[in-house]
Structures are given as C-alpha cells and as structure tokens.
*Asks:* 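After the structure tokens below, expect a handful of questions from me.
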Amino acid sequence: MLRKVLIANRGEIALRVIRTCQEMGIQTVAVYSTADRDSLPVRFADEAVCIGPAPSAKSYLHIPSIIAAAEVTGADAIHPGYGFLAENADFARTCADHDLTFIGPRPETISSMGDKSVAKETMQAAGVPVVPGSDGAVADVAEGLAAARDAGFPVMIKASAGGGGKGMRMARDEAEFEKLFVAASNEAQAAFGDGRIYIEKFVEEPRHVEIQLLGDGTGNVIHFGERECSIQRRHQKLLEEAPSPVVDEDLRQRMGQAAMAGAEAVKYAGAGTVEFLVDKNRDFYFMEMNTRIQVEHPVTEEVTDTDLIGWQLRVAAGETFDSGARALHGHSIECRINAEDPFRNFAPSPGTITGFHSPKGRGVRCDTHVFGGYTIPPHYDSLIAKLIVKDDTREKAIAKMQRALDEFIVEGVKTTVPFHQQLLRDERFRAGDFDTKFLERFELEKEG
Ligand code: MV4
C-alpha cells in the first residue's frame, strides 16, 4: 500500500481524499496557498506545506513547489483531485521522474484523451459509437466543409484541444460554415496554442450521461453505471444524479460495455469517466473521456456502495481485479452549492460565512470544507458544498433533497440553494423530462 500521500488540491476534494487516506492508514500531506492557511485540509492532514501565494498559477498549478513539498515530506504518491493539475500529462510525467506515484492514468493516456479528436478515433477503433463526422482533425476549411456536407448540416465545429465547450461552434448551413470554422480555430489557437478542428453532425436536444470507470492498468475495467448530468448552465453542472431517469438496465449495460471496451483498449489505470450524448431515440455517442475523479463522483459512490477514492489509491498501489459491472441500488442526487447569486446571473459571492448549518439525517451527505466563520477566498472556484442524498427511488430522493435544502443555513454570502429549491419544484424536472438545453429556458422566480 501507499505510505504517505500528498494532496495537490484544496477545498472539499482535498478533505475528501484526506478522509479516505486516514481510514486506510495512509499518512497525508496537505499543500496550501497563503489564502488557504486556515483551511480544514491544513488542519486535518498529518503535515502541511505552504506552496505559494493565492493565485493558483503560483501555488496549486506550480509544479516545482508541489514536487519540492513531496520531496521534503517524503511522500510516495500525489493525488491531484479534480481541476488544477489533475489532467496535466506533464505533471504526471514529472511525478514519475521524481519517483512519485501519480494517482491517475499514465501520462500518455492523459494526453491522448486530452486531444479530443485523438480520443474520438481511439474510442471508435475500440468499437464505441461516435457522432458521424470527420476522421480526426481536418487539414483546412475546405476539408472541414467536405466533412460537414458528408455528415449533413447542422454540424458542430470542435477544437481538438478543447473540451467542456471551449473552441466549439454550431453551424446551421454552408453559408455560415467558414466564418464559424475560422472563429473556433482562432479561439482554440489563442487558448491552447493548437487550432486543429474536427467536425461532427449536430445532435439535437441531447442529454449528457456519463459512465464511471475504474481500470487496473493491466486491461481490466469495472463500470459503475451512469450519472445524469444534463442540468448544466454554461457548461457548469449544477445537479447530478444516478441512475439517469432515461437509462434502463439494457441501455446501462450497452453504454457500460462500450465505455469498458474503450478503456480496456488503452489499459486504463485509475478512475475515469466516459461522457456520452444520448439523443431522443436513446442512441448514444462518445463525447469525451475525463481522466480524473470528478466532482459528482459521490452519487455513484452512494448507489454502488463504493469508496471510489479508496479504489484510486488501491489501483495506484498496484492492486488488480477482474473486469465487470457494478449493480446500482436506489437513487442519489447531488446539488452543487456555490457561493454565487442565482438572482444576479450566478455572480460569484465570496466573503465570510457568518452562520452555517449543514443538513443532516439518514441518507444525507454534505461534502464541504466550509464552516461558520470561514472566509471564502475570491481566487478559486465557488463550490462551497456538495449536498448528496440517497433513497430508494427518485421520487423519495427528490423529497429528501428538498427537506435537506430547507435545513441548509448559509449566512453572509449568497448561494445556489434557492436555485435548487425552485428546480426541484419544476414539473419537467420531477418527470425526468429534460436535456442539456433545459436550464436555458428555466425561469428563476424572483425572491431576493
Ligand atoms: C455536442 C452537442 C451536440 N452535437 N456535439 C458541449 C461540451 C462538449 N463536451 C461537447 N458539447 C456538446 N457537443 C454534437 N455533435 C452538444 C454539446 C453541448 C452540451 C453537451 C453536454 C452538456 C451540455 C451541453 C451544452 C451545450 C452543448
């Protein structure tokens, strides 16, 4: 087993990793910026090392400081959490160069999945359904237009180096294609230093459904069923659930087998997620693969009764297993509680939390690093808590979440709690009748 793990992250995910390490008898090292000096990860880890000032470029993203912290504390592994360096192949390689185990997939896997056109070709070769379009990146506008004509308009113009909606345009017809192609390519060139583009047919009113995987690095992969993640605003997820209201056991096994085939083909190591678009006919298409643990992993933990962080640590220590599928029991929902004002276009609302009480009770879990008196720094993302419930059915899980949201007290900053309260009352949400466009049409009633 691993002896000492350094957590190269902050906030709730740093705490989440520390908790499992402590339960497994693994020593922990927190790293922190000066803005996080008084945070809970610093208090709860066995050791803590300051790695720089508040801006992440000089702390949580600064590879030399993190490697130095691992060396001075004698850590043997680094858990990157999500965000920051979690999908940075150079960081994974630098860890290996310093005899530190990076808790995640191999650097080559991170880079090939980070290139969205390479990822798509890899998955297609493994037999995973993909959206019709160009074979990988196109050489120029003319080749892009030819691929768009073949696929049929409307089409999506996507940056190979993009992901999460960056460098992406939808073109309705030939007339607007060239302009949008050039815009997407320039945006990708400026943001990623890589302007390569690939083309896909546009999938109408899709749902975002993703499969949780765990690979042992020798070609064995387990799938843990799906998460429904269509409730998003500007590519930021706000609520996730497992299982998806549109996925039955047959579709689950087909999506799970497809995701496993893709991951087995690259001898995937660690936790990963294959994102699919699911259309009106419930046909599914590979979208992207995330090579990290995700924010929403707890809903899968709840319905499969699994500690996914624990499995990341075991795989990193060399444990292997047989390929297979985990059964899902009951229903779990996660609401992301952000320090944002939903009545002011979700503007960030950092500051001091003057009063705090987190919901409790059977089937209620609140993953958070905040407490009464905590000051939310303005430098990082606005997630302050993940409220997760588990019950027998979707209906009961919704009722439990409503009860839990009603007992959530956060004073001093604005939060997304009232947004979730209104969403959970919406008839279409309650019926499971929504897609990725749902929040664009959702009208929040004024109350503040
Ligand atoms: C698509 C699509 C429709 N057709 N691709 C958005 C982020 C990136 N991961 C891919 N995305 C999409 N790709 C085709 N061929 C629609 C989206 C999309 C979306 C996907 C998942 C969740 C929310 C979304 C919001 C807008 C667009």
Side-chain angles (χ1 to χ4, degrees), residues 1-9 12-28 75-83 85-87 92 95 100-106 109-110 113 210-227 240 242-243 252 255-257 259-264 266-275 289-330 332 334 365 367 386 388 390:
M1 226 326 127
L2 306 173
R3 196 180 52 80
K4 190 187 277 194
V5 169
L6 179 144
I7 300 100
N9 214 301
E12 71 83 21
I13 192 64
L15 270 188
R16 170 73 192 81
V17 175
I18 289 168
R19 287 185 173 127
T20 289
C21 286
Q22 287 175 343
E23 291 170 12
M24 292 172 68
I26 299 169
Q27 293 178 62
T28 53
D76 47 19
I78 298 189
H79 195 300
Y82 52 70
L85 298 168
E87 293 176 279
C95 289
L100 293 160
T101 301
F102 175 80
I103 301 172
R106 283 179 291 279
T109 310
I110 299 175
M113 294 301 145
E210 58 187 31
I211 298 284
Q212 176 69 54
L213 297 176
L214 183 78
D216 69 3
T218 74
N220 301 310
V221 178
I222 297 174
H223 90 77
F224 294 79
E226 81 284 3
R227 293 185 288 260
E240 307 93 347
R252 175 170 306 121
M255 292 177 76
Q257 292 302 322
M260 285 170 71
E264 284 168 353
V266 298
K267 290 191 164 47
Y268 193 83
T273 299
V274 176
E275 299 181 348
M289 179 163 190
N290 301 318
T291 56
R292 60 172 191 275
I293 194 76
Q294 291 190 248
V295 175
E296 61 271 26
H297 76 275
V299 295
T300 299
E301 296 192 319
E302 295 303 318
V303 297
T304 60
D305 198 15
T306 307
D307 181 341
L308 288 170
I309 304 289
W311 274 109
Q312 287 189 292
L313 299 169
R314 281 188 210 98
V315 165
E319 195 168 322
T320 60
F321 42 72
D322 293 330
S323 289
R326 285 298 161 91
L328 272 46
H329 299 283
S332 181
E334 170 179 282
R365 164 176 173 185
D367 281 17
K386 304 190 305 200
I388 302 125
K390 158 82 190 291

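Positions are given from 1, in the same order as the sequence printed here. All of these numbers come straight from a predicted model, not from anything done at the bench.
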*Asks:* Rounded to the nearest 0.5 Å, what's the gap from CG on Asn290 to CD on Glu275? Could you check?
*Replies:*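 With rounding to 0.5 Å, CG (Asn290) is 4.5 Å from CD (Glu275).
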
*Asks:* Search all heavy atoms of Glu264 against all heavy atoms of Gly219 and return the closest pair with its distance.
*Replies:*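 Heavy-atom minimum between the residues: CG-O, 3.2 Å.
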
*Asks:* Quick one: does Glu87's side chain have a donor or acceptor within less than 3.5 Å of a partner on Thr291's backbone?
*Replies:*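 Flag set: sc Glu87 to bb Thr291 pair under 3.5 Å.
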
*Asks:* What heavy-atom pair brings Ala263 and Leu213 nearest, and what distance separates the two atoms?
*Replies:*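 What the structure gives for the nearest pair is CB-CD1, 3.6 Å.
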
*Asks:* Report the C-alpha separation of His223 and Met255 in whole Å, then their side-chain angles, then the decisive distance to 0.1 Å, and conclude whether the side chain to side chain contact (heavy atoms under 4.5 Å, CB included) test is met.
*Replies:* CA-CA 9 Å; His223 90 77; Met255 292 177 76; over 6 Å; no

*Asks:* Tell me the closest heavy-atom pair linking Gly256 and Ile211, and the distance in Å.
*Replies:*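 So the minimum-distance heavy-atom pair works out to N-CD1, 4.0 Å.
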
*Asks:* How long is the span from the CZ atom in Arg365 to the OG atom in Ser332, to the nearest 0.5 Å?
*Replies:*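 Arg365 atom CZ to Ser332 atom OG measures 8.0 Å (nearest 0.5 Å).
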
*Asks:* Suppose we screen for side-chain contact (heavy atoms from CB on, under 4.5 Å). Which residues come up paired with Ala77, at least two apart in sequence or across chains?
*Replies:*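 Applying side-chain contact (heavy atoms from CB on, under 4.5 Å) to Ala77 gives Leu2, Val5, Thr101, Ile103.
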
*Asks:* So, taking the atom named CD1 in Ile293 and the one named CG in Leu308, what distance separates them when rounded to the nearest 0.5 Å?
*Replies:*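 If I round to the nearest 0.5 Å, the distance is 5.0 Å.
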
*Asks:* Any donor-acceptor pair under 3.5 Å linking the side chain of Gln212 with the backbone of Gly272?
*Replies:*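 Yes: the side chain of Gln212 pairs with the backbone of Gly272.
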
*Asks:* Measuring from atom CG of Leu328 to atom CZ of Arg252, what distance do you get when rounded to the nearest 0.5 angstrom?
*Replies:*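 One finds 5.0 Å between CG of Leu328 and CZ of Arg252.
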
*Asks:* On a heavy-atom basis, which atom in Lys386 and which in Val295 lie closest, and how many Å separate them?
*Replies:*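 Taking Lys386 first and Val295 second, the nearest heavy atoms are NZ-O, 2.6 Å.
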
*Asks:* If you round to the nearest 0.5 Å, how far is CE of Met260 from CG of Leu214?
*Replies:*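 If we round to the nearest 0.5 Å, Leu214:CG and Met260:CE are 11.0 Å apart.
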
*Asks:* Evaluate Glu301 against Phe224 for side chain to side chain contact (heavy atoms under 4.5 Å, CB included), listing each step before the verdict.
*Replies:* CA-CA 9 Å; Glu301 296 192 319; Phe224 294 79; over 6 Å; no

*Asks:* Measuring from atom CD1 of Ile222 to atom CZ of Arg326, what distance do you get when rounded to the nearest 0.5 angstrom?
*Replies:*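 Answer rounded to 0.5 Å: 4.5 Å.
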
*Asks:* For the residue pair Tyr268 and Pro105, what are the closest heavy atoms and their distance?
*Replies:*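 Where Tyr268 meets Pro105 most closely, the heavy atoms are OH-CG, 3.2 Å.
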
*Asks:* Keeping the roles fixed (side chain from Asp367, backbone from Glu12), state whether a donor-acceptor pair exists under 3.5 Å.
*Replies:*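 Pair absent, no side-chain N/O of Asp367 close to backbone of Glu12.
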
*Asks:* Mind listing the closest non-hydrogen atom pair of Gly81 and Asn9 along with its distance?
*Replies:*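 Smallest heavy-atom distance, with atoms named: CA-ND2, 3.6 Å.
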
*Asks:* Would you please test Met113 and Val266 for side chain to side chain contact (heavy atoms under 4.5 Å, CB included) and show each step?
*Replies:* CA-CA 10 Å; Met113 294 301 145; Val266 298; 4.2 Å; yes

*Asks:* Considering residues, nucleotides and ligands other than Lys4, do more than 12 of their heavy atoms fall under 6.0 Å from its NZ?
*Replies:*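 Enclosed.
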
*Asks:* Quick one: are Glu226 and Pro243 in side-chain contact, heavy atoms under 4.5 Å?
*Replies:*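 In short, these two side chains touch, coming nearer than 4.5 Å.
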
*Asks:* Can you name the residues that form a side-chain contact (heavy atoms from CB on, under 4.5 Å) with Ala86, not counting sequence neighbours?
*Replies:*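 Pro80, Arg292.
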
*Asks:* Using side chain to side chain donor-acceptor pair (under 3.5 Å) as the criterion, point out the one residue from Glu210, His297, Arg227 that pairs with Thr273.
*Replies:*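 Single pass found, and it is Arg227.
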
*Asks:* Using side chain to side chain contact (heavy atoms under 4.5 Å, CB included), reason through Val299 and Glu302 one step at a time and then give a plain yes or no.
*Replies:* CA-CA 5 Å; Val299 295; Glu302 295 303 318; 5.6 Å; no

